[in-house]
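Quantities reported herein were computed from a predicted structural model and do not represent experimental measurements. These numbers come from the heavy atoms of this one structure, side chains and all, not from hydrogens, waters or symmetry mates.
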Amino acid sequence: MTAHQMDAGSPLLSVSDLKIRIAMDAGTLAAVDGVDFEIRKGKTIGLVGESGCGKSLTSRAIIAINPKECETTGSILFQPASELSTQPVDLLRMDPTGRQIRAIRGKRISMIFQEPMTAFSPMYSIGNQIMEAILTHRTKNKREAKRIALEMLRKVGISDEEKRFEQFPHEFSGGMRQRAMIAMSLSCNPELLIADEPTTALDVTIQAQVLELMKELQKELGMAILLVTHDLGIIAEMCDEVAVMYLGKIVEQSTVKEIFNNPKHPYTKGLLHSMPKLGRKHERLESIEGTVPLALDMPPMCGFFDRCKDRMPGICDKQAVPVTRVSPDHTVRCFLYNDKGEEDRRVQADSAGQSIDQAF
């Protein structure tokens, strides 16, 4: 095996035990609570879950742009190019405003934000803002930076790029702003692209075009993608692996094929059953009853307990749920697949049987 092949198999990014706590008047909010995942070069991993589950905070923690109120612990190991170091660097150990993280943020790790209208400054032209990233990370030559910016605008499908270069964000449609945001994110050829709900505000036609564009550019540049979304249809189309988040934790993780064909966690099953399917127009869509609880000073228990149809009182609500590996590439955080849960269920069943015998 060559050195290049060995490098291709190692994780580009490894997130371990990531926790984000926010102090509030009513207590401490566990916004992200022990998240673990890896991203490999050239692969796409999807982070899926309901609004408020911690997806965006997790993705923003990677490039250290969360608000200062967020107390972040754990490790985020990034494998940089050889000119920086031969060893992974821990992004969480870096000063969020220091030179080291700024050399990575925007160049090696780039991000498409959820709403490009607020991500772009209204005070500067689109071209000026794309050029700023290029001048910071690729070249100090303004003529060369403009050439690269125009090339990127053409690459993302914006016609008459010379004219559009001089226009301001409010002169672009929603789909064009999203394309311009992609152009700016990819202008420095990043090794990892974080896409936070990149198609939420777009109509279906433009959404399909943007996703196809991302796949083409990924193939051309060989970059990895972390795709943050609540849309399982996009996950199925774009991703190699998927991590399902609920209440700040990853409750299930595997390949896309495995998750869609063999879901384990009751929450994952609920998400999949709530999706419309072709040819089943007369079937009612299932819904997940209840609402996501607020993660304020929560006791050690399953956060999905109150909404789960398979909940086991006395087990799921009394202890933290460990991660169980149900196959080599499939993990789930649920007592239904855990030896401890199986043992507790047997004890409960035996106790219930003894109580019935004593009653008679």
Side-chain angles (χ1 to χ4, degrees), residues 10-40 45-80 84-85 87-106 108-111 113-114 191-192 194 196 224 226-228 241-253 292-304 319-325 331-334:
S10 60
L12 177 67
L13 189 89
S14 297
V15 178
S16 300
D17 197 28
L18 179 67
K19 295 180 181 178
I20 301 176
R21 301 283 189 266
I22 303 173
M24 306 178 71
D25 292 339
T28 300
L29 179 70
V32 176
D33 194 12
V35 162
D36 301 275
F37 63 88
E38 292 182 346
I39 306 175
R40 297 188 176 273
I45 182 171
L47 206 54
V48 65
E50 293 176 73
S51 296
C53 70
K55 304 186 303 295
S56 292
L57 283 175
T58 297
S59 62
R60 288 165 180 257
I62 295 172
I63 53 174
I65 59 170
N66 278 328
K68 60 182 180 181
E69 292 79 16
C70 295
E71 180 189 342
T72 307
T73 59
S75 71
I76 301 176
L77 298 180
F78 178 59
Q79 180 67 58
L84 284 180
S85 171
Q87 298 298 320
V89 292
D90 192 343
L91 302 181
L92 285 187
R93 304 283 81 81
M94 296 181 183
D95 178 0
T97 60
R99 179 180 298 178
Q100 197 176 10
I101 190 69
R102 285 190 284 118
I104 294 173
R105 183 196 298 139
R108 301 186 183 280
I109 304 177
S110 193
M111 187 166 186
F113 292 95
Q114 188 167 348
E191 294 156 52
L192 171 63
I194 302 170
D196 187 2
L226 173 61
L227 181 61
V228 179
E241 300 176 34
V242 57
V244 181
M245 281 193 76
Y246 185 82
L247 204 64
K249 298 178 183 289
I250 290 179
V251 296
E252 187 165 5
Q253 186 172 359
V292 182
L294 191 62
L296 273 174
D297 298 325
M298 282 193 68
M301 62 178 290
C302 175
F304 193 59
Q319 53 196 310
V321 189
V323 175
T324 301
R325 187 170 295 278
T331 59
V332 62
R333 192 185 291 268
C334 181

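Between Val48 and Val242, the shortest heavy-atom contact is CG1-CG2, 3.7 Å. Pairing each heavy atom of Pro293 with each of Gly303, the nearest pair is CG-O, 3.7 Å. Smallest separation of non-hydrogen atoms from Ala31 and Leu57: CB-CD1, 3.4 Å. Nearest heavy atoms, Cys53 versus Tyr246: CB-CA, 4.2 Å.
When each of Asp90, Leu92, Leu12 is paired with Leu77, the side-chain contact (heavy atoms from CB on, under 4.5 Å) condition holds for Asp90 and for no other. Of the residues Ile194, Leu192, Val228, the one that meets the side-chain contact (heavy atoms from CB on, under 4.5 Å) test with Met111 is Ile194.
One distance of note links CZ of Arg105 with OG1 of Thr97; it measures 8.0 Å at 0.5 Å rounding. Between the CD atom in Gln319 and the SG atom in Cys302 there is a gap of 11.0 Å [rounded to 0.5 Å]. In this structure, CD1 on Ile250 lies 6.0 Å from CZ on Phe37, to the nearest 0.5 angstrom. Taking CD of Gln253 as the reference point, atom CD of Glu38 lies at 8.5 Å (rounded to 0.5 Å). Rounded to the nearest 0.5 angstrom, Ile39 CD1 and Leu227 CG are separated by 10.5 Å. To the nearest 0.5 angstrom, Ile109 atom CD1 is 6.0 Å from Ile104 atom CD1.
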request  = Please lay out, stage by stage, how Leu13 and Leu91 fare under the test side-chain contact (heavy atoms from CB on, under 4.5 Å).
outcome  = CA-CA 10 Å; Leu13 189 89; Leu91 302 181; 4.2 Å; yes
query = Taking it one step at a time, do Asp36 and Thr331 satisfy side-chain contact (heavy atoms from CB on, under 4.5 Å)?
reply = CA-CA 11 Å; Asp36 301 275; Thr331 59; over 6 Å; no
message = Please evaluate residues Leu226 and Thr58 with respect to the criterion side-chain contact (heavy atoms from CB on, under 4.5 Å), reporting the C-alpha separation (whole Å), side-chain torsions for both, the decisive distance (0.1 Å), and the verdict.
response = CA-CA 11 Å; Leu226 173 61; Thr58 297; 5.9 Å; no
key: Verdict with supporting geometry, Leu247 and Met298, side-chain contact (heavy atoms from CB on, under 4.5 Å)   = CA-CA 11 Å; Leu247 204 64; Met298 282 193 68; 3.4 Å; yes
Side-chain polar contacts of residues 14-22 - donor-acceptor pairs under 3.5 angstrom, sequence neighbours left out - could you list them?
| from | atom 1 | to | atom 2 | distance (Å) |
| --- | --- | --- | --- | --- |
| Arg21 | NH1 | Val32 | O | 3.2 |
| Arg21 | NH2 | Asp33 | OD1 | 3.1 |

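A donor-acceptor contact under 3.5 angstrom links the side chains of Ser56 and Asp196, judged on distance only.
You'll find the side chain of Val321 stays beyond 4.5 Å of the side chain of Phe304, heavy atoms only. A heavy-atom distance below 4.5 Å is found between the side chains of Gln79 and Pro88.
Among residue pairs with one or both ends in residues 49-66, those qualifying as salt bridge (Lys or Arg N to Asp or Glu O under 4.0 Å) are Glu50-Arg307; sequence neighbours excluded.
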